[in-house]
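The sequence lines fix the lettering, A, B, ..., with proteins before strands; numbering per chain opens at 1.
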Number of protein chains: 2
Amino acid sequence: MSLTIAQASARTGLSIDTLRYYERDGLLLRPVARSATGHRRYDEADLEWVRLVTCLRATGMPVREVRRYADLVRAGDGTEQDRLDLLHEHREQVIAQLEQVTAHLSAIERKIGLYTEKLHGAETERAGGLDLERAPAGSLAP
Amino acid sequence: MSLTIAQASARTGLSIDTLRYYERDGLLLRPVARSATGHRRYDEADLEWVRLVTCLRATGMPVREVRRYADLVRAGDGTEQDRLDLLHEHREQVIAQLEQVTAHLSAIERKIGLYTEKLHGAETERAGGLDLERAPAGSLAP
DNA sequence: GTCACTCCTGGAGTGCGCTCCAGGTCAAGG
DNA sequence: CCTTGACCTGGAGCGCACTCCAGGAGTGAC
């Protein structure tokens with residue numbers, strides 16, 4: 001059971017161009033097999049690897065780093081510790097990034113809270129005046 | 001109390017070039033004030049806004065969307081609902097992205113688990129043989 | 001007055017990750 | 001036979017978000 005590039009594209013969610021680009025750029029373990037007429041044929045192992053690549057890419061790993069990982073896998077036995085190190089480091093970065101985004105997200109949610117209050121709480125509470133982000137009065141025309 | 005661009009850069013974590021670029025591109029609410037010699041002077045309100053921009057950027061909002069938000073704030077009263085909508089939509093996207101990254105992260109952690117087992121559990125358990133990502137034997141040399 | 005320093009401007013350049021294109025091959029259907 | 005359609009290749013092009021550069025001006029220390 002092997003798939004055409006169009007089918008592989010549908011199954012992985014990557015565009016046909018991206019699949020070819022990943023292959024050219026060495027992100028795949030080996031060139032994809034070809035039919036008699038030179039068309040690519042993806043097998044389940046190819047798709048599985050592409051899914052892993054997608055996983056790494058979607059968590060922010062740069063293409064060149066994915067290639068490094070693929071290089072290690074291609075090199076075979078003896079590189080397992082290096083692969084593990086690479087994945088570990090990436091994991092740390094992803095976690096740090098998640099924390100950062102989460103923190104920024106709550107700042108945004110605070111802002112949303114202020115706006116919501118201003119807009120929908122305006123009928124009941126109309127004193128004080130929330131500034132939000134209006135520029136300080138008179139800063140340009142003193 | 002106003003700061004030079006170098007000081008603003010240090011306080012916000014953005015590069016000097018980026019601060020100028022954001023201003024040129026309309027991401028700031030208004031042109032930064034200038035000293036007698038034409039040098040930029042950042043006040044606390046400028047920094048506060050830059051911090052908000054950083055918050056939006058760090059959560060993946062494109063520059064053009066930040067500009068749209070700045071445009072709305074600049075437009076003043078009556079745009080609050082639009083601003084709220086924009087923030088809400090961004091919030092949804094950030095949450096979706098967080099979920100996606102979290103899911104991919106656990107896939108990566110499973111992989112790390114397999115490698116760790118293979119490397120450090122090898123002394124105790126040496127049967128079965130985990131495949132990980134080796135290509136199927138004989139796929140290229142049948 | 002001459003360094004060194006920080007800042008200014010407009011515009012060019014960079015790195016990334018795709019995405020698109022021209023021109024061509026093969027196979028099947030009408 | 002001819003068209004249609006899926007695929008191929010090498011290479012160019014694109015959008016984004018910066019980042020860098022050349023050339024210049026003001027300020028202070030010596």
Which whole-number value in Å describes the distance from [X] [atom1] to [N] [atom2]?
X        : N       : atom1 : atom2 : result
Leu27(B) : dC18(D) : CG    : C1'   : 12 Å
Glu23(A) : dG10(D) : CD    : P     : 11 Å
Glu65(A) : dG15(C) : CD    : P     : 17 Å
Arg67(B) : dC18(D) : CZ    : P     : 12 Å
Leu19(B) : dT19(D) : CG    : P     : 11 Å
Asp25(B) : dT9(C)  : CG    : P     : 14 Å

Side-chain polar contacts of residues 60-67 of chain A - donor-acceptor pairs under 3.5 angstrom, sequence neighbours left out - could you list them?
residue  : atom : partner  : partner atom : Å
Arg67(A) : NH1  : Asp25(A) : O            : 2.9
Arg67(A) : NH1  : Asp25(A) : OD2          : 2.9

Verify, without hydrogens or angle tests, whether Gln7(A) (side chain) and Thr4(A) (backbone) share a donor-acceptor contact under 3.5 angstrom.
-> yes

Okay, side chain of Ser2(B), backbone of Tyr42(B): is any donor-acceptor separation there less than 3.5 Å?
-> no

Among residues 87-95 of chain A, which residues get a heavy atom nearer than 4.0 Å to DNA chain C?
-> none

Do [X] and [Y] belong to the same hydrophobic cluster, where Ile, Leu, Val, Met, Phe, Trp and Tyr are linked whenever their side-chain heavy atoms lie under 4.5 Å apart, directly or via other members?
X         : Y        : value
Leu105(B) : Leu52(A) : no
Val94(A)  : Ile95(B) : yes
Trp49(A)  : Tyr22(A) : yes
Leu119(A) : Val73(B) : yes

Report yes if a side-chain nitrogen or oxygen of Arg40(A) is closer than 4.0 Å to either non-bridging phosphate oxygen (OP1 or OP2) of dC8(D); otherwise report no.
-> yes

Below 4.0 angstrom, N of the basic side chain to O of the carboxylate: do [X] and [Y] qualify?
X        : Y        : value
Glu48(B) : Arg51(B) : yes
Asp71(B) : Arg74(B) : yes
Arg11(B) : Glu44(B) : no

Hey, does Thr4(B) reach any base, or is it just sugar-phosphate, or nothing, if we go heavy atoms under 4.0 Å?
-> sugar-phosphate

Nucleotide by nucleotide, 5' to 3', does protein get under 4.0 Å of the base (B), only the sugar-phosphate (S), or neither (-) in nucleotides 16-27 of chain C, counting heavy atoms?
-> SSBBB-----SS

What protein N or O atoms touch nucleotides 28-30 of chain D N or O atoms at under 3.5 angstrom, if any, and at what distances?
none

Which one of Gln97(A), Gln93(A), His90(A) satisfies the side-chain hydrogen bond (donor to acceptor under 3.5 Å, both in side chains) criterion with Thr59(A)?
-> His90(A)

Axial bend angle, the helix from dG1(C)-dC30(D) to dG30(C)-dC1(D): five-pair end segments, nearest 10° | 20°

Residue pairs fulfilling salt bridge (Lys or Arg N to Asp or Glu O under 4.0 Å) with at least one residue in residues 84-96 of chain B, sequence neighbours excluded = Glu109(A)-Arg91(B)

State the CG-CZ distance between Asp46(B) and Arg30(B), to the nearest 0.5 angstrom.
-> 5.0 Å

Contact nearer the 5' end of DNA chain D, comparing Arg41(A) with Ala36(B) | Arg41(A)

Which heavy atom of Val32(B) sits nearest a heavy atom of Glu23(B), and at what distance?
-> N-OE2, 3.2 Å

